[in-house]
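These numbers come from the heavy atoms of this one structure, side chains and all, not from hydrogens, waters or symmetry mates.
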Amino acid sequence: MEAGQNSSPPSPANDRLVFDINKERFEVPEIDPSTTLLEFLRTRTRFRAPKLGCGEGLGVYFIVLTFIYGFPARIDALALGGCGACLVLLTKYNHILKKIESFSVNSCLTLLCSVNGCSIITSEGLGSTQDGFHPIHKRFAGFHASQCGYCTPGMCMSLFSALANAEKKHSSQAPPGFSKLTVSEAEKAITGNLCRCTGYRPIADACKSFAANVDLEDLGINSFWRKGDKDIGVNKLPSYNPKDNTFPYLELEDEFKSTRILNFENYSWYTPVTIKGLESLLQSDIVENGKKIKLVVGNTGDGYYKETEKYDNYIDLRYIPELSMVKEDNLGVELGAALSISKVILYLKEKTEKVVFTRIADHMEKVANGFIRNSASIGGNLVMAQRKHFPSDIATLLLAADWSVSILTGHTQEKITIEEFLNRPPFDPKDVLLSVHIPFLEPTNIDGSVENNSKLLFETYRTAQRPLGNALPYLNAAFLADICCNKNGVLVKSVRLAFGAYGTKHATRATKVEEYLAGKILSIEILEEALKLVKSSIVPEEGTSHPAYRRSLAVSFLFSFLITSGGSPEDFKDSLLEEAAKTMRPIVNPPLLSSANQNVKYSKDYYPVGEPMPKYGAAMQASGEAVYVDDIPSPPNCLHGAFVLGTKPSARVKGISFEYNIQPTGVTDVISVKDIPKEGENVGATANFGSEPLFGGDISRFAGDVIAFVVAETQKHANLAAKMAVLDYDTEGLDPPILTVEEAVEKSSFFDVPSSFYPAEVGDFKKGMAEADHKILSAEMKLGSQYYFYMETQTALAIPDEDNCITVYNSIQCPEFAHTAIAKCLGVPEHNVRVITRRLGGGFGGKALRSMNVATACALAAHKLRRPVRCYHDRKTDMIVAGGRHPMKITYTVGFKSTGKITALYLDVLINAGITIDVSPIIPHGIITSLKKYNWGALSFDIKLCKTNLTSKSVMRAPGDVQGSYIAEVILDHVASLLSKEVDFVRNINLHTHESLKLFYPDAVGESIEYTLPSILDKLAISSCLDERLAMVKQFNLTNIWRKRSISRVPIVYQVTVWPTPGKVSILWDGSIVVEVGGIEMGQGLWTKVKQATAYALSSIQCDGTEDLVEKVRVVQADTLSIVQGGFTSWSTTSEASCAAVRICCNVLVERLSPIKENVKEQTGSVKWNDLIVQAHNDNINLAASSYFVPESSSTSYLNYGAAVSEVEINVLTGETTILRSDLIYDSGQSLNPAVDMGQIEGAFVQGLGFFMLEEYLVNEEGLVTTDSTWTYKIPTLDTIPKQFNVEILNSGHHPKRILSSKACGEPPLLLAVSVHRATKAAIDEARKQLKSWGVVEGTDSTFLLDVPATLPVVKQLCGLNTVETYLQSLLARES
């Protein structure tokens, strides 16, 4: 740690910016000081591994916070730097400790000028295709931990940083082949990184494989060994040696080992090296005349406050020794304000004898994530809390612990308490926070002496959407109490109670509660009164979300603290208090993930199809070499674009101007509907059901409508200009917007659903209702939307070509349709347009129609300006325009027997489709086919697509199906509740027989042997130990008041359709093979399966050298002028259809090659593949074959089956839900690649968890998306997935009508996540039964609806916001 006071002054200032990246030296003579490291990496170097995942770290540039420590803002859950895709390792010389330090940082937030004299390592710097991959890359590939690959380089750098620091931190020697990292540290290394594809489990396994204490047999499916192998050992893994694989990357060039001070006016960047020098700068002309200055430590503040003014000067505070040192004396510790939060944590953890210090350190580890804490300063966090009311955890901790701060005001330094600091007027621009003072606290008696039975208690609390941070809390708290246990009980001598982040300007103390408790011996009555007082003290400001929930948390936190304040329950001499204390069982924090099982049965029938080989290109993705659209180097004279979006629905746009009436820097043009060629049309996207306009024109149809496309010299300038655009609106004479389905019904605003897409009803509803013993009439439920959160936002690059042609590189699932839309917009023949797509950084349906507008806009601008134009959405823009999953309102009427057998079901479904039709007509089919998984007797429905003034909703993974499956489970649960039966019993009684299945799925059911769902359910009950665990859960709930558990088992039936798909296979002179397919690789392993299918089909030629044919196959990018009719890559079946297409091609080629093979064999006796191909070329045989696979009508549609058992535990005090275990069995037929399919199953399930438990995609009263960043929108992270995650891929044998006997797996498993939601509902029911036993009537009915998503406030409200008070009242009532 930084310590000592005799540091020598840094070296003299330098007037040049010098650093190295991957050991390449860069000297930058001139740069805008607002330039981030990521911007430099991606625009001025060849390195592309760090990705712009948040899309905001580069999209927000100038923060109007004049005197902040650059890292302050957004410390707790930075929206920027919130995904980890841009991570790099930074190595620098510490001028105080005189040593080299290495740590991970967000390159999207790190200012380039701040890396002067530093060494940067990206994932390419660790290894590459040409130089050899690093063991990290190899293990990520081998553990199948990379799907779309966009997040993978950042994941690798998180792990590498952890490996590097473990080598330095731990003194013990690791076993050969392992690092000094522990399993826990390996898991925590990636808790701050986001991934939308994998479900995290394989990533965690790849990381844990380096840990010294790992049990290799606990790791999941991988390419290094197979389950059951006897010789599993580290020798099977790619070798790792810190000497070769870690230390060389941590070295620093000699010229960087002395501190380099950048002080150059050309940069507007100043680096004082003393406080006196800082004072002089703050009094100099660089702050005069309204000039804006930014005090920089690390710049994480750019992640929160998004004003758009530019700074005139920057002052780097990192080289002032006093601001980065730790000083300790007998009274306490002084921490320099520029110390990173990570360093503060390290120091506090070293003081193991100081309980306050260790508790604060533990809490700080839940602030933001590791790579943000590496940069963010403690002083910056506090200044943000003071000046901008940032909801800081750290301010709350310090307030409870009675810390103080030193500040510089003018030329005067003063020391004030943290409470005085927070309550004073906002910091003046010339005030600076210098240090934080920590007192050494001891319990005291009134006369100042220490009592033997006195003790200090210090506890901290926070409740947030993610347990381990990377999310702001709903409430944080810290409590310090001086307690004395004596013969009369527990005496509270004094107490400090601090609360924060509850919708107040800054952390506050509950002084009334403190005064009330001081000097009192705790009793049940004292406790009850204290809780009443704290509830009245926590008053969120108007507009704060979930205010009642936040107050309830305050009660829960204080209750938990006081009830455990005795050393043991017996210390309370109040019998009721002692009883209450016994209910607070200690919580043991288990590892993030326990061992899990992935069971796979391999098939050799179509070798190498069926082999669990790593996804093609996975190591290349890990190293950052895989090229995505935004990685393509900009052509000369390239421009960049950004959308200007409307913010109001149904409003006339009278004009566009810019803030301050100043033309933003770098703007070349503003493209609008007027720029569409006269031969063209205002078309941005097109598909089967029609087109949608590119521009809203004179009317902003919805909040988020594209009004214009700003084109500028850089993406930074384009984004900034778009944000500065001011639209002048007028609504006179326009109809008010339609924002809800109810309003759409009232105004008859609907889209038509073609009859061919409208699902079929089953049976006679009236007859079924007449047979019913019981009825539920017109019950309602609502389902919200979900955002795709692909890691790569929408992007395109358009390059004009000769003869009025244009080439567009687009990240899209359906290049064919983008091709058509661009041609229509430009008014040119389609043969003038070429759309190329290599791979996507995630899609999930969001890269279908919603990608076309970006491509079309770039093409239009490039066509007009005759210059290349590219666009990469920042995350906020992407979230506003994406649309997402369809919200809907469902009203149901159901009839059923007393046995639980359903006789009839009627649904009235209103689907909010948004402003255009998109492909919404397919949603009703998805809803009904997945709902039909149960035998409803008779099924009738009325489904309407509502046209509203909202962003167009589009297909998202399992579109309609996930809602339909959920609807089915809610209805069965409702029936079970009314009949007082177990819902699993009601499920079983309504499962299909094969005969009833044929009635509900007449075109897809297949033979009876294919109906594997009943056997799956039986098998799952055994493998998950369902009966035993149900008994254990029952016992747990009897003995635990504040935690409740439940288990739910849920089946799925999922119908898919196989669509026509093109393919092309060419064999080159050397025997290598090039394959083209219409399907797009977006992480689902399509290319890998196609390679395997190609090798299998060509190997039927039966000559030497075909055993490793898969290594000779390369699948290349989709090109709409090379392979036509590519269609949509969607609905889970494109991989198998692509395999079928290439098999046709290969069969043609084998037929052509067979006569040549026979001739060569007659002459030589044997035939080698390479020789055969050379001979074929010499004989002028056509070695290219194309096909268009069209499935037979009898095999177009089929059913998929699976089931899940999930066990959850809810915290009744906070509403937190922990998924203890999930067991899945999924029938994948004969899997084309079990390793790839395992990743698809797990990833889909976790994405489903997001929908059901976490993700709120909200809009304001005008329909504008408000959850528009990683700051406000939370997808699952490693700490929110099941603690134990067991998956079995069922090999159900040969399916003659399926392609290579396989079945789809990309979407169906998402529906299984409803098992978690249903288990949560059942656990809440247990809590409500408990409330009922305490005498509560209202809010204890077992028939209740659990919202989707089941967020913490939702769960807590259903458990009872006044649970603690009710419990205490029940104790008092019982005594009286």
Side-chain angles (χ1 to χ4, degrees), residues 463 524 528 531-532 535 546-553 555-556 559-560 576 579-580 583-584 774 776-777 779-782 900 969-986 1030 1033-1048 1207-1218 1253 1316-1376:
T463 295
I524 203 78
E528 185 181 33
L531 297 181
K532 288 180 182 177
K535 196 167 188 176
H546 311 296
Y549 171 63
R550 295 172 196 259
R551 286 194 296 271
S552 177
L553 285 178
V555 171
S556 294
F559 171 74
S560 300
L576 294 180
E579 181 180 337
T583 68
M584 295 299 293
H774 309 275
I776 298 171
L777 303 178
E780 289 186 1
M781 69 179 93
K782 290 185 177 181
E969 297 304 330
V970 169
I971 293 170
L972 290 190
D973 188 272
H974 196 167
V975 170
S977 294
L978 291 180
L979 294 175
S980 299
K981 293 181 180 294
E982 292 293 334
V983 68
D984 211 36
F985 174 84
V986 176
L1030 283 169
V1033 164
K1034 185 175 181 180
Q1035 184 60 34
F1036 180 91
N1037 290 335
L1038 288 173
T1039 55
N1040 285 270
I1041 289 180
W1042 305 117
R1043 291 178 179 269
K1044 298 296 180 183
R1045 292 180 179 177
S1046 189
I1047 299 178
S1048 176
E1207 180 179 356
V1208 306
E1209 179 179 290
I1210 63 169
N1211 186 325
V1212 178
L1213 293 171
T1214 65
E1216 293 166 292
T1217 300
T1218 302
M1253 303 302 294
V1316 173
H1317 189 272
R1318 296 291 85 198
T1320 303
K1321 195 265 183 186
I1324 294 169
D1325 195 28
E1326 292 297 315
R1328 290 162 73 93
K1329 290 177 184 176
Q1330 182 173 264
L1331 272 179
K1332 195 171 186 178
S1333 72
W1334 295 338
V1336 178
V1337 176
E1338 186 178 351
T1340 59
D1341 189 352
S1342 62
T1343 304
F1344 62 93
L1345 189 65
L1346 175 61
D1347 287 347
V1348 173
T1351 58
L1352 282 71
V1354 167
V1355 172
K1356 174 59 179 168
Q1357 183 164 358
L1358 289 171
C1359 288
L1361 293 174
N1362 301 315
T1363 308
V1364 172
E1365 298 95 313
T1366 302
Y1367 170 67
L1368 296 180
Q1369 289 163 11
S1370 73
L1371 290 180
L1372 290 168
R1374 192 182 68 199
E1375 184 183 47
S1376 63

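- Of the residues listed (Thr1218, Thr1217, Leu1358), the one engaging Ile1210 in a side chain to side chain contact (heavy atoms under 4.5 Å, CB included) is Thr1217, and it is the only one.
- Side chains of Met781 and His974 form no contact here, defined as non-hydrogen atoms less than 4.5 Å apart.
- Under a 3.5 Å cut-off, the side chain of Ser560 and the backbone N or O of Ser556 do form a donor-acceptor pair.
- Side-chain N or O atoms of Ser552 include one that pairs as donor or acceptor with a backbone N or O of Leu1361 at under 3.5 Å.
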Checklist line | Derivation and outcome, side chain to side chain contact (heavy atoms under 4.5 Å, CB included), residues Leu1213 and Met584 | finding: CA-CA 11 Å; Leu1213 293 171; Met584 295 299 293; 4.1 Å; yes
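- The two residues Thr1340 and Val1337 come nearest to each other via the heavy atoms OG1-O, 2.7 Å.
- Asn1037 contributes a side-chain N or O that, together with a main-chain N or O of Arg1045, makes up a donor-acceptor pair within less than 3.5 Å.
- Summarising the geometry of Ala976 relative to Val986, their closest heavy-atom pair is CB-CG2, 3.7 Å, with the distance given to 0.1 Å.
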Using the rule given for side chain to side chain contact (heavy atoms under 4.5 Å, CB included), can you reason through Lys1329 versus Lys1044, listing the C-alpha separation, both sets of side-chain angles and the distance that settles it, and then say yes or no? CA-CA 11 Å; Lys1329 290 177 184 176; Lys1044 298 296 180 183; over 6 Å; no
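- Here the CZ atom belonging to Phe985 is positioned 9.5 Å from the CG atom belonging to Leu979, to the nearest 0.5 angstrom.
- Distance check: Lys981 NZ to Leu972 CG gives 13.5 Å after rounding to the nearest 0.5 Å.
- Ala1322 and Ser1046 get closest at one heavy-atom pair: CB-OG, 2.9 Å.
- Arg1328 places no side-chain N or O within 3.5 Å of a backbone atom of Ser1342 that could act as its donor or acceptor partner.
- In this structure, CG in Leu1331 is found 9.5 Å from CG in Asn1362, a value given to the nearest 0.5 Å.
- A donor-acceptor contact shorter than 3.5 Å is absent between the side chain of Glu1209 and the backbone of Arg1043.
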I'd like a table of donor-acceptor pairs (distance under 3.5 Å, sequence neighbours excluded) in which one partner is a side-chain atom from residues 1344-1357, with atom names and distances.
residue: Lys1356; atom: NZ; partner: Val1212; partner atom: O; Å: 2.9
residue: Lys1356; atom: NZ; partner: Gly1360; partner atom: O; Å: 3.1

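- Side-chain contact between His774 and Leu978 is absent, with no heavy atoms from C-beta onward closer than 4.5 Å.
- Relative orientation of the Trp1334 and Tyr1367 rings is tilted, given thresholds of 30° and 60° on the angle between their planes.
- Using a 4.5 Å heavy-atom threshold, the side chains of Leu1371 and Glu528 count as separate.
- Between Lys1321 and Glu969 there is no salt bridge, since none of the side-chain N atoms of the basic residue sits less than 4.0 Å from a carboxylate O of the acidic one.
- Partners of Lys1332 according to the salt bridge (charged side-chain N to carboxylate O under 4.0 Å, His left out) rule, which considers only residues two or more places apart in sequence or in another chain, do not exist here.
- A distance of 5.0 Å separates CD1 of Ile1041 from OG1 of Thr583, quoted to the nearest 0.5 Å.
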